[in-house]
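Some notes on the structure that comes next.
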Amino acid sequence: MVNVEPLVIVHGGAGRWSLVFEASRERGLGISEESVLDGVRQAALAGYRVLESGGSAVDAVVESVAWMEGSGLFNAGIAAALAANGEVLMDAGIMDGSSRRAVGVFCLKYPRHPIRLARLLLGRTRHVLLGCEYADRLAREYGLEKHPGPHPRAQALYDAARRKALEGSGYTDNRELLERLGVILSDTVGAVALDRDGNIAAGVSTGGTTFKVPGRVGDSPIPGAGYYALNGVGGAAATGLGEAILLSSLTSRIAWYLREGYDAVKAGWKALGELEEVAGGGAGVIIIDSNGGYAAVFDTEAMPWAVAAEGGVKDYGLWRR
Ligand code: GLY
């Protein structure tokens, strides 16, 4: 049996966090640099507690992501971004590097914690993607907590986006819309964990892009795009503009480079550089390699992230250096 130092890394979304802080100051939402950094540190510790008590990498990822979904600080779970029609439409996914199985759920309205639905399905089905009202129905039948409806954080960003969108017309392309909106994008939460048996898991959860076309699905439920994990190789969880991440297969590219012998930092920057070539950038990713090396790389203004290991929070950051 492998015996490695357990580790969790989380992110709270790559994007224009200065705009979120500005909207928060205007509306008194209590989302500040300090609260967001404290949020990612708490989320990393929530996952690490699972590992410390002998739990699996998959369950650590779930607890880290669920912490952020329930915090109201990030675009996921209770504060998930609103689509152009004002609805909450969430996506999430998780991959277990030991079984090499993954489940992505998409276009969800019902659960407060989409990551918990993905986790339940991971043990119950061989299907990889499940969505819409059918997946919502399963969440209800499994007795998962119900989403409380639009959160003030999401509503504030939606209102700002709507005002800007009304200045133009007919946006169906996310990048064009987001550029028009000043990229009101602070997007997705994710976690990657390595447990003491050497198992790696990765997962993400999101409301998608603010003011997205209803029915649009980004990278988050798709293994190889939003998240990926393979024992003996490593794991990655992405954030940013889903279309760019999908078109560059960001996390499977990272797994490829890790397998080739790149460490987490080098694999991350190489794959992110290629995403920029293929699709123009606008993303971030957290990575753990099989040696326990980690990386948080992003080409956006900011991405809150934190690492927890023995002794507590080991590292964290927010702004691009
Ligand atoms: N990265 C999340 C999304 O684009 O939906």
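Counting starts at 1 for both ligands and their atoms, in listed order.
In this structure, the side chains of Thr209 and Arg216 come closer than 4.5 Å at one or more pairs of heavy atoms. For the pair Glu69/Pro114, a side-chain contact is recorded, criterion being any heavy-atom separation below 4.5 Å from C-beta on. In this structure, Met95 and Thr251 have side chains that are not in contact, with every pair of non-hydrogen atoms separated by 4.5 Å or more.
In this structure a side-chain-to-backbone donor-acceptor pair under 3.5 Å is present from His11 to Ala238.
Ligand 1 has no N or O atom lying under 3.5 Å from any N or O atom of Asp91, backbone or side chain. Between Gly240 and ligand 1, an N or O atom pair is found at a separation short of 3.5 Å. For a threshold of 3.5 Å applied to N or O pairs, the pair formed by Ile245 and ligand 1 contains no separation below that value. Residue Asp219 places at least one N or O, backbone or side chain, under 3.5 Å from an N or O of ligand 1.
A side-chain hydrogen bond (donor to acceptor under 3.5 Å, both in side chains) with Thr206 is found for exactly one of Thr188, Asp219, Thr239, namely Thr188.
Within the 4.0 Å heavy-atom cutoff, Arg216 counts among the residues contacting ligand 1.
Taking a cut-off of under 4.0 Å to the non-hydrogen atoms of Thr188, the atoms of ligand 1 that pass are 1 (N), 2 (C). In the vicinity of Ser220, heavy-atom distances shorter than 4.0 Å reach the ligand 1 atoms 1 (N), 2 (C). Below 4.0 Å from some heavy atom of Gly208 lie the following atoms of ligand 1, by number and element: 5 (O).
In this pair, Trp17 and Phe74 present their aromatic rings perpendicular. The plane angle is above 60°, beyond the 30 to 60° band.
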